[in-house]
S.K.: 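Structure below; questions to follow.
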Amino acid sequence: MKRKLILSWIGIILYAAFIPIYIRGSSVIHHDSSFIVFGLHAIITIVFAVFPFVNKRHISINRIILSYLAMMSIDFGVAGIIEKQLTLKLAQHGSIDYFDVVYQTLSLFSFASDAAKENVPLVLNIARYTAVTTTIALLLTIFASKLTNWLRVKFYANHVIICGLSEAGSRMAKSFLEKGIPVVAIELDSQNNETENIKALGGIVFQGNAYDELILKDAGIERSKYVIAVTGNDELNIDIVSKVSRLRKVNKTSLVCYAHVQESAKKRLYRQHEIFNDITDKFDARIFNLFDMSARQIVHQYPPDSDAENQGVNIRDHSVRIMVAGDGALANALVRQTALTGHYESLQKPLVYLDQAVKNPINAESITLKQIIDIETIAIEKSCDGNLAISRLIICFDNEVEGYKYLTRILQLGVDKSIPVLFCAPHSAGLTALFRGSAFFRDFPRVTFFDVVENVFQHHVLIDDENDDLAKRIHAYYRSIYPSNPNDRTWEQLTEDIRDSNRLAADHMKIKERAADRLRNGTPSCSEGEIFNILAQMEHNRWFAEKVLAGYVKEIHSGPRNAIEQEVRKLHPLLLRWTELDSENQQANVERIKHLYQTLHPNHIA
């Protein structure tokens, strides 16, 4: 750094001395215009002197060099043209046309200087070449980047196109680049700092509207494998998917297109659109939601049954209980996720406690949810009561400030001494960056931070190949035993709703595996028959919850009705609780879960 500064100052000193020494031998020194020449030179010299100390982190070296060349061209051009006018006696009575000086100086950059070639002063000759060099370099800077991007994309195949470099889009782009997958991003805001960050990591960034057909074609839409629309505008994300579906209709390669929708309710409505149900081998459109995916990741990374087990709770005899403190979409998604997956070997309803001092986040769905889980509101002070056996307190406010105020309050109450606390941070920057590593929170080892954007907008979360592989195998198994089912189709031909149904079953397989281990190794241990009987009931409870939350009702029509009509009308004759099933259907469920386990995990249960 010191060496660079020394070299910079040597160059500045030489530059500062050049014009005064040169002008001393010219006619300018004896003319009134000398103060203009020296004043302009002094100003530009000061700029050069100060510039090395300016924070240039976001300024490229190319722009710095171009700025230096442009200022030097103007400095030398003014001095040279004034000297030339005096030499050729173009000024009458010692007067100089300064407007002409300005015009001719600017003309140097446009290759249109009309100055005669003879008797050209040295500084003007220097200015001519530096001005032309500046103009050519500027044109190359403007167009070379676009040309380079265009040429690089031409050699891309199976790359991902990220539409929008918001916090979510940037995190997603970095995740794909870390996996070695080429990324082409489209960002409308030219001032977005993430543009340079993605470029530095090897990504390509086009500036423009991702809905623009030409921009999409420049990004290589015809050869891409994934398109992820995360612009921050739900309607624009859906429009991008619609545009891509039209562009890719005749292409040979397959494409999966994801659209982020912020509101869970809106997501379920968009799911009904034909774009997300007209599945082909070449185009597959999907919708995802930050809060739904966050809830799934929280339950996956911090399993409530494992938390309860670590606290000495016998899950075989007690329901698994969590407490959710939040007033927004993530709190609602967590309660829904608990209803979908919180079915354990106790065979009791999951129990969710809500803080009575916080606005209830589930009013709109409380009637449906209460068919599946028990929901109780209590004072946060009561959560310290060991008799409640709460496995974890999850704090998930949409407003970051309110979340930290709540966290500080429960730490003052000593809640974390009784139960582990998970704090869901909406953003990885801001208060989270300030507090996460602070000495204050280091004194509370049972407080864990979960960065929502950081954990969700990841390649392995959005494109969960491992879980999808298990879901495909589950679908193949049920397809083999129900050949006349309306969903007797290949995985690629299934609607996203049916795929998600299989993914939920795959998620719960991991819960059943942990339950089977506890049942086998517990006191008293269970026999193989008892284990499969409990696992069958767990699976039926999970399936019942999934169907109820999806809007299904029990079929009460006594006449014949085909399976497709039942699926369309969301009717099912066996939408009953386990105890309401006859013994024949109960035994059939046990056999199915046994055969499924033997198919998927032949060595897991002996």
S.K.: Q586 vs S583, test: side-chain hydrogen bond (donor to acceptor under 3.5 Å, both in side chains). Steps then yes/no.
M.R.: CA-CA 5 Å; Q586 288 183 354; S583 58; over 6 Å; no
S.K.: List the steps, then state whether side-chain hydrogen bond (donor to acceptor under 3.5 Å, both in side chains) holds for K510 with N467.
M.R.: CA-CA 10 Å; K510 299 159 189 172; N467 197 65; 3.3 Å; yes
S.K.: Quick one: does E591's side chain have a donor or acceptor within less than 3.5 Å of a partner on Q587's backbone?
M.R.: no
S.K.: Hey, is K174 close enough to E194 for a salt bridge, meaning N to O under 4.0 Å?
M.R.: yes
S.K.: Should the pair R321-D374 be classified as a salt bridge under the 4.0 Å nitrogen-to-oxygen rule?
M.R.: no
S.K.: Under the 3.5 angstrom rule, does the side chain of S166 hit a backbone N or O of V230 as a donor-acceptor pair?
M.R.: yes
S.K.: Tell me which one of V335, T338, I322, T341 satisfies side chain to side chain contact (heavy atoms under 4.5 Å, CB included) with P350.
M.R.: T338
S.K.: Check the pair L581, H540 against side-chain contact (heavy atoms from CB on, under 4.5 Å), reporting the backbone distance first and the verdict last.
M.R.: CA-CA 10 Å; L581 293 174; H540 181 78; 3.5 Å; yes
S.K.: Under a 4.0 Å N-O cut-off, is there an ion pair linking E167 with R171?
M.R.: no
S.K.: Apply side-chain contact (heavy atoms from CB on, under 4.5 Å) to the pair L393 and I380, showing each step before the final yes or no.
M.R.: CA-CA 10 Å; L393 166 61; I380 186 61; 4.1 Å; yes
S.K.: Test side-chain contact (heavy atoms from CB on, under 4.5 Å) on Y597 and F532; report intermediate values, then the result.
M.R.: CA-CA 9 Å; Y597 254 83; F532 281 122; 3.9 Å; yes
S.K.: So does D507 pair up with K512, basic N to acidic O under 4.0 Å?
M.R.: no
S.K.: Taking only Lys NZ, Arg NE, NH1 and NH2, and the carboxylate oxygens of Asp or Glu, determine whether R542 and E539 approach each other closer than 4.0 Å.
M.R.: yes
S.K.: Please step through side-chain hydrogen bond (donor to acceptor under 3.5 Å, both in side chains) for the pair N310 and D307, ending with a clear verdict.
M.R.: CA-CA 5 Å; N310 292 337; D307 285 338; 4.6 Å; no
S.K.: For the ring pair Y404 and F397, is the centre-to-centre distance below 6.0 Å?
M.R.: no
S.K.: Without hydrogens or angle criteria, can the side chains of S175 and E178 be said to hold a donor-acceptor pair below 3.5 Å?
M.R.: no
S.K.: Tell me if the aromatic rings of W543 and H508 count as close, with their centers under 6.0 Å from one another.
M.R.: no
S.K.: Working note: N237 + D234, criterion side-chain hydrogen bond (donor to acceptor under 3.5 Å, both in side chains); need CA distance, chi angles, decisive distance, verdict.
M.R.: CA-CA 5 Å; N237 291 338; D234 291 350; 4.5 Å; no
S.K.: Does a side-chain N-to-carboxylate-O contact under 4.0 Å join D517 and R520?
M.R.: yes
S.K.: Looking just at side-chain N and O atoms, do N541 and Q537 make a donor-acceptor pair shorter than 3.5 Å?
M.R.: no
S.K.: State whether the number of non-hydrogen atoms from other residues, nucleotides or ligands found under 6.0 Å of E580 atom CD is greater than 12.
M.R.: yes
S.K.: Run the salt-bridge test on E496 and R499 with the 4.0 Å N-O cut-off and return the result as yes or no.
M.R.: yes
S.K.: Closer than 4.0 angstrom, basic N to acidic O: yes or no for R271 and D500?
M.R.: yes
